[in-house]
Engineer: 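Next up is a structure, given as structure tokens.
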Number of protein chains: 2
Amino acid sequence: MYYICSMRSRKMYNRVAILRQEKGMSRKELAEKIGVNFQTVGYLEREEYNPSLDLAFRISENFGLPIEFIFSTEPLKPLIEEIIHLKNKLGEL
Amino acid sequence: MYYICSMRSRKMYNRVAILRQEKGMSRKELAEKIGVNFQTVGYLEREEYNPSLDLAFRISENFGLPIEFIFSTEPLKPLIEEIIHLKNKLGEL
DNA sequence: TACATTTATTGTATTTATACAATATTTAGT
DNA sequence: ACTAAATATTGTATAAATACAATAAATGTA
């Protein structure tokens, strides 16, 4: 199915899938916690559409992480790279 | 004009108006910088609707401030209260 | 292997964010 | 007070987020 449309928003990348998996949650469980349909979580994880700002806040609150850590306009690095990066910064001191 | 609708998102509060005014910008100017119609800025400042996540990011980037400082699900305190609060915290040390 | 759970796919419907136009009202500058 | 600029109001149109249903595919487990 093809859609003809012009784009208003940039594509957003996110870490919802990894964060959810690290907590051993299913999409259904996460969906219930953040108050959306479980299929909506699927769309978000596949980055097929961007969450509303409120939904981004609910996800951020759920994981206890700032929005900017979970969502980005740039592709997000795997968590392991983030760790290495932080360790290196620490090592410099 | 009345609309009948069920609500999916919480109302979001924001500091767009004050932040813009502190920079001495008009809505039109801000609108150009963040790439929306100037009337959209009006809607946002009046909190008549929530921005998309991408727009929130663009606003955040424009002001150089984290999303959580500009947007909140709770009514936001005036900046002056924020300052007093921070000064008190500093005084405690 | 069979069964159950999770995830993906496709399709339709509704709500909300955004654009844009036209006019009214407010505010600031002379 | 007059004028220009900024903001508000109202209305219509489109795009994107979300819900929901049904089915298919994948994955895990007895």
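Nothing here was measured: the structure is a model prediction, and the numbers come from that model. In what follows, chains are A, B, ... by sequence order, proteins preceding strands, each numbered from 1.
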Engineer: Taking a hydrophobic cluster as the set of Ile, Leu, Val, Met, Phe, Trp and Tyr residues connected by side-chain heavy atoms closer than 4.5 Å, whether directly or through intermediates, do Phe57(A) and Leu65(A) fall within one such cluster?
Structural biologist: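 Cluster IDs for Phe57(A) and Leu65(A) match.
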
Engineer: Same cluster or not: Tyr13(A) versus Ile18(A), using hydrophobic residues (I, L, V, M, F, W, Y) connected whenever any side-chain heavy atoms lie under 4.5 Å apart?
Structural biologist: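 No, separate clusters.
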
Engineer: Measure CE/Met7(A) against C1'/dA17(D) and give the value in whole Å, please.
Structural biologist: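 Rounded to the whole Å, the gap is 14 Å.
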
Engineer: Using a heavy-atom distance cut-off of less than 4.0 Å, which residues of residues 16-25 of chain B contact DNA chain C?
Structural biologist: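 Correct list: empty, so none.
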
Engineer: For Ser9(B) and Ser52(A), which heavy atoms make the closest approach, and how far apart are they?
Structural biologist: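 So the two residues come closest at OG-OG, 3.7 Å.
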
Engineer: For Glu29(A) and dT7(C), give me the distance from atom CD to atom C1', rounded to whole Å.
Structural biologist: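 Nearest whole value for this atom pair: 14 Å.
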
Engineer: Just how far is it from atom CG of Asn62(B) to atom CD1 of Ile70(B), taken to the nearest 0.5 Å?
Structural biologist: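 One finds 8.5 Å between CG of Asn62(B) and CD1 of Ile70(B).
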
Engineer: Roughly, in whole Å, what's the span from NZ in Lys28(A) to C1' in dA4(C)?
Structural biologist: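 Nearest whole value for this atom pair: 12 Å.
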
Engineer: How many Å lie between CD1 on Ile34(B) and P on dA17(C), as a whole number?
Structural biologist: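 Spelled out: CD1 on Ile34(B) to P on dA17(C) is 15 Å.
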
Engineer: If you measure from CZ on Phe71(B) to CG on Leu44(B), what distance do you get to the nearest 0.5 Å?
Structural biologist: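 Rounded to the nearest 0.5 Å, the CZ-CG separation comes to 6.5 Å.
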
Engineer: List the protein contact pattern of nucleotides 18-30 of chain C with one symbol per nucleotide (5' to 3'): B for base contact, S for sugar-phosphate-only contact, - for none; contact means a heavy-atom distance under 4.0 Å.
Structural biologist: BSBBB--------

Engineer: Mark yes when over 12 heavy atoms from residues, nucleotides or ligands other than Lys28(A) sit less than 6.0 Å from its NZ; otherwise mark no.
Structural biologist: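 Open.
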
Engineer: Would you check if Glu32(A) and Phe38(A) make a side-chain contact, meaning some heavy-atom pair closer than 4.5 Å?
Structural biologist: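 Counting from C-beta outward, Glu32(A) and Phe38(A) never come under 4.5 Å.
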
Engineer: State which residues pass side-chain hydrogen bond (donor to acceptor under 3.5 Å, both in side chains) with Glu45(B); sequence neighbours excluded, sorted by chain then number.
Structural biologist: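 If we apply the side-chain hydrogen bond (donor to acceptor under 3.5 Å, both in side chains) test to Glu45(B), skipping adjacent residues, the hits are Arg20(B), Arg27(B).
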
Engineer: What's the spacing between Leu53(A) CG and Leu55(B) CG if we round to 0.5 Å?
Structural biologist: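 Taking CG in Leu53(A) and CG in Leu55(B), the distance rounds to 9.0 Å.
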
Engineer: Starting at atom CZ of Arg10(B), determine the distance to atom C1' of dT16(C), rounded to an integer number of angstrom.
Structural biologist: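 That distance rounds to 16 Å.
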
Engineer: Nearest whole Å is fine: how far is dA17(D) P from Glu47(A) CD?
Structural biologist: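 The answer, rounded to whole Å, is 12 Å.
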
Engineer: Can you tell me how far CG of Leu30(B) sits from CE of Met25(B), rounded to the nearest 0.5 angstrom?
Structural biologist: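 These two atoms lie 5.0 Å from each other.
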
Engineer: Hey, could you give me each pair passing salt bridge (Lys or Arg N to Asp or Glu O under 4.0 Å) that has a residue in residues 57-76 of chain B? Not counting sequence neighbours.
Structural biologist: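 Of all non-adjacent pairs touching residues 57-76 of chain B, those that pass salt bridge (Lys or Arg N to Asp or Glu O under 4.0 Å) are Arg10(A)-Glu61(B), Asp54(B)-Arg58(B).
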
Engineer: Please give, in whole Å, the distance from dA6(D) P to Leu30(B) CG?
Structural biologist: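 Checked: the CG to P distance equals 13 Å.
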
Engineer: Return the CD to CG distance between Glu92(B) and Leu90(B), rounded to the nearest 0.5 Å.
Structural biologist: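 One finds 9.5 Å between CD of Glu92(B) and CG of Leu90(B).
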
Engineer: Find the distance Asp54(A):CG to dT18(D):P and express it as a whole number of Å.
Structural biologist: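 Distance, rounded to whole Å: 9 Å.
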
Engineer: Give me the bend of the helix from dT1(C)-dA30(D) to dT30(C)-dA1(D), using the axes of the five pairs at each end, rounded to 10°.
Structural biologist: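 End-to-end axis angle for the helix from dT1(C)-dA30(D) to dT30(C)-dA1(D): 50°, rounded to 10°.
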
Engineer: What verdict does the side-chain contact (heavy atoms from CB on, under 4.5 Å) test give for Tyr49(B) and Thr40(B), after you've listed the backbone C-alpha separation in whole Å, the side-chain angles of each residue and the deciding distance to 0.1 Å?
Structural biologist: CA-CA 9 Å; Tyr49(B) 53 55; Thr40(B) 298; 4.0 Å; yes

Engineer: Give me the residues of residues 69-80 of chain B where at least one heavy atom lies under 4.0 Å from an atom of DNA chain D, by number, or none.
Structural biologist: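 DNA chain D contact set from residues 69-80 of chain B: none.
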
